[in-house]
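Below you'll find the structure, written out as structure tokens, and then a few comments.
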Amino acid sequence: MSERAKIALRFNELRGEQVDYAIHRQERTFLPARERCPLCPTRPGEAPTEIPSAAFEIAVFDNRFPAFAPPRGAAEVVVYTDAHDASFGTLARARAEDLMWVWRHRYLELGARADVEYVLIFENRGVEVGVTLHHPHGQIYGYPFLPPVPALELAADERLGGCAPCALLREELAEGVRVVHENEAVVSYVPYAARWPYEAHAVLREHRASLLECTPAELRLLAQALQAIVRGYDALFAKPFPYVMVIHQAPTDGRARGHLHVEFYPPLRTAEKLKYLAGSEQGAGTFITDTLPEESAAALREAIAHAA
Ligand SMILES: [Zn+2]
Ligand SMILES: [Zn+2]
Ligand SMILES: [Zn+2]
């Protein structure tokens with residue numbers, strides 16, 4: 001059976017959403033010893049890894065255990081560096097900036113495909129969010145449909161009668177108490193109604209539908225803002241901070257709408273305690289959170305300032 005034959009989409013009628021069955025993913029590499037890391041460079045005289053070079057800067061390749069594959073979508077891996085023990089936050093500034101250009105290129109190329117309606121660039125960091133490889137990397141899924149979360153954001157545009165991220169950014173700047181970092185191009189804040197205690201959104205000041213509309217200076221400042229958040233997270237509890245980072249941009253279905261922003265969902269409530277999605281979150285869709293966004297924003301703002 002080919003890899004692609006092992007992927008199936010089923011529509012869950014009760015929830016009105018697609019569920020992706022990627023059965024082969026059961027066999028994927030799970031937390032290998034570092035000398036068997038498939039994302040490290042291939043060293044002379046040693047077994048080949050996924051990357052057939054002795055050194056590299058940023059590497060992109062098709063996921064060997066894809067959740068989506070042609071002719072119904074795409075799944076790629078983006079390795080940030082050949083240094084196994086690095087992280088997004090510790091990348092050199094120029095490398096982080098290069099990564100923005102790589103994301104932009106993959107968004108352009110995958111988005112141009114007829115079978116990709118939405119490009120989601122994301123990073124899962126930490127075993128708490130299910131990471132199976134420690135080497136610093138992110139992923140890109142090309143969905144053959146518009147998934148529910150970006151669809152909800154487009155519905156918010158409709159409800160507010162204009163761009164929702166633009167409107168929310170204006171409110172966050174006016175109130176100021178939840179802003180955790182700013183530069184000339186990007187404002188980062190814990191949203192007014194954050195679901196996760198240390199959730200953060202980094203939003204382009206100008207209305208940019210996607211990375212394709214950003215100036216080179218904006219891409220550089222976006223990299224700076226994202227690294228500031230991640231370094232602040234690591235400083236917050238003085239340990240590597242787990243998170244899910246997602247880049248929300250315009251769908252690539254031909255209808256231009258959306259506003260580029262990056263969302264972080266960290267599962268930690270305190271240094272030791274995880275936020276679990278339980279009865280209310282799973283059964284009712286209502287998040288119960290024990291920290292006010294203003295309080296976590298104050299702590300995160302201080303951590304970002306100290307980590308800079
Ligand atoms: Zn590695
Ligand atoms: Zn906007
Ligand atoms: Zn979003």
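Atoms within each ligand, like the ligands themselves, are counted from 1 in listed order. Below, all heavy atoms of this structure are taken into account, side chains as well, without hydrogens, waters or symmetry copies.
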Trace of the ring pair (Phe, Tyr, Trp, His ring centres under 6.0 Å) decision for Trp196 with Phe287: CA-CA 8 Å; Trp196 302 91; Phe287 270 65; 5.5 Å; yes
Vertex the Zn ion (ligand 1), arms to His84 ND1 and His135 ND1, rounded to 10°: 110°
Lys/Arg N to Asp/Glu carboxylate O, Asp290 vs Arg269, below 4.0 Å: yes
Heteroatom test (N, O or S) for His261 near the Zn ion (ligand 3), limit 2.8 Å: yes
Cation-pi geometry met for Arg10 and Tyr21 (6.0 Å, 45°): yes
Stepwise side chain to side chain contact (heavy atoms under 4.5 Å, CB included) test for Tyr189 and Leu168: CA-CA 10 Å; Tyr189 53 82; Leu168 296 170; 4.1 Å; yes
Closest Glu263 atom to the Zn ion (ligand 3) [N, O or S only]: OE2
Closest approach to the Zn ion (ligand 3) by His248, given as the N, O or S atom name: ND1
Rounded to 10 degrees, the angle SG of Cys166 makes with ND1 of His259 at the Zn ion (ligand 2): 100°
Lys/Arg-Asp/Glu bridge criterion (N-O < 4.0 Å) met for Arg195, Glu281: no
Chi angles and distances behind the side chain to side chain contact (heavy atoms under 4.5 Å, CB included) call for Tyr233, Leu300: CA-CA 7 Å; Tyr233 277 155; Leu300 182 55; 3.7 Å; yes
Minimum-distance atom from the Zn ion (ligand 3) among N, O or S atoms of Glu153: OE2
For the Zn ion (ligand 2): the N/O/S atom of His207 at shortest distance: ND1
